[in-house]
Amino acid sequence: MENKEAFKAIGVKWVGTFEQAAKGEIKVFHKNFLNSKKQINNAVNPENIIGLSYHITENGFTYYLALEVEEGTAIPEGMEFISVPACTFATTEYKGAAVHEAYTALYTWIKQNGYNLRQSDLEHLEEYPGSFDPVTDVPELKINIPIKGV
C-alpha cells in the first residue's frame, strides 16, 4: 500500500475499446507520447511516465499518458491538464508479458485483505520508466489501484 499526495499532470488522451488496446493501439500511443513529452516544461520527474485509466466501461476506457508537473505549467497544444486527487493505492511492481495477471493478483490481494476499491473516477494509475519502449520492450511498470479501508 502507498499513500500518494494529490498532483497535477499534463499529457495526452486516448479513448478506445479493450479490443483496440489489445491490438496494440496503446503501445503506439505510448511510443508517440515518449516522442512528445519533451514539450512539457516543469516536469517533476520526466523519467516517470504516468498512465491513468478512467471511466472503464463494458466496452472500453479513457487513458492518459502524462508527466507530473509543477502548478502553473503551460499546457502544450494537443495535450490536456489532469488533476489527480490524494489517494491510498494497493501497488505492485511488474515486469513481464502477462500484465493482466498482475492486475488480477492485485485485485485478489485487495479483496483478501479486506480493502474496498475506491474507483469513483480514476481506476488505475500506472508508472513506467522513461527508458521503457512500449513497442519492443517487455512491459515494466508499477500498478496502483485506488483503495479504501474496510
Enumerate donor-acceptor pairs with a distance under 3.5 Å from any side-chain N or O in residues 66-81 to protein atoms, sequence neighbours excluded.
residue, atom, partner, partner atom, Å
Thr73, OG1, Glu70, O, 2.6
Glu80, OE1, Tyr64, OH, 3.4

Mind checking what makes salt bridge (Lys or Arg N to Asp or Glu O under 4.0 Å) contact with Lys8, not counting sequence neighbours?
-> none
Does any pair with a residue in residues 84-98 pass side chain to side chain donor-acceptor pair (under 3.5 Å), and if so which ones, sequence neighbours excluded?
-> Asn3-Thr88
Start with the C-alpha distance between Glu123 and Tyr63, add both sets of side-chain angles, then the distance that settles side chain to side chain contact (heavy atoms under 4.5 Å, CB included), and finish with yes or no.
-> CA-CA 10 Å; Glu123 308 249 358; Tyr63 187 71; over 6 Å; no
Qualifying residues under ring-ring contact (aromatic ring centres under 6.0 Å, His included), relative to Phe61, sequence neighbours excluded | Trp14, Phe18
Can you measure from CD1 (Ile145) to CG (Leu106) and round to the nearest 0.5 angstrom?
-> 4.0 Å
Find out if a path of hydrophobic residues (ILVMFWY) with successive side-chain heavy-atom gaps under 4.5 Å connects Leu65 to Leu141.
-> yes
Is any side-chain heavy atom of Asp137 closer than 4.5 Å to a side-chain heavy atom of Ser131?
-> no
Nearest heavy-atom neighbours spanning Trp109 and Met1 = CH2-CG, 3.9 Å
Should Leu125 and Tyr103 be counted in the same cluster of Ile, Leu, Val, Met, Phe, Trp and Tyr side chains packed under 4.5 Å apart?
-> no
Over all atoms of both residues, closest heavy-atom pair of Ile82 and Gly11 | CD1-N, 4.0 Å
Can you name the side-chain contact (heavy atoms from CB on, under 4.5 Å) partners of Thr108, sequence neighbours left out?
-> Thr104, Gln112
Counterpart residues, ring-ring contact (aromatic ring centres under 6.0 Å, His included), relative to Phe132 (two or more places apart) | His30, Tyr128
Going from CG on Leu122 to CZ on Phe89, what distance comes out if it is rounded to the nearest 0.5 angstrom?
-> 5.5 Å
Rounded to the nearest 0.5 Å, how far apart are CD of Glu2 and SG of Cys87?
-> 11.0 Å
Which pairs pass salt bridge (charged side-chain N to carboxylate O under 4.0 Å, His left out) with one or both residues in residues 12-32, sequence neighbours excluded?
-> Glu19-Lys23, Lys31-Asp133
Would you list the atom pairs, donor with acceptor, under 3.5 Å between side chains in residues 39-56 and any protein atom, with sequence neighbours excluded?
residue, atom, partner, partner atom, Å
Asn45, OD1, Glu47, N, 3.0
Asn48, ND2, Glu127, OE1, 3.2
His55, NE2, Asp121, OD1, 3.3

Could you give the distance from CZ (Arg118) to CD1 (Ile147), rounded to the nearest 0.5 Å?
-> 10.5 Å
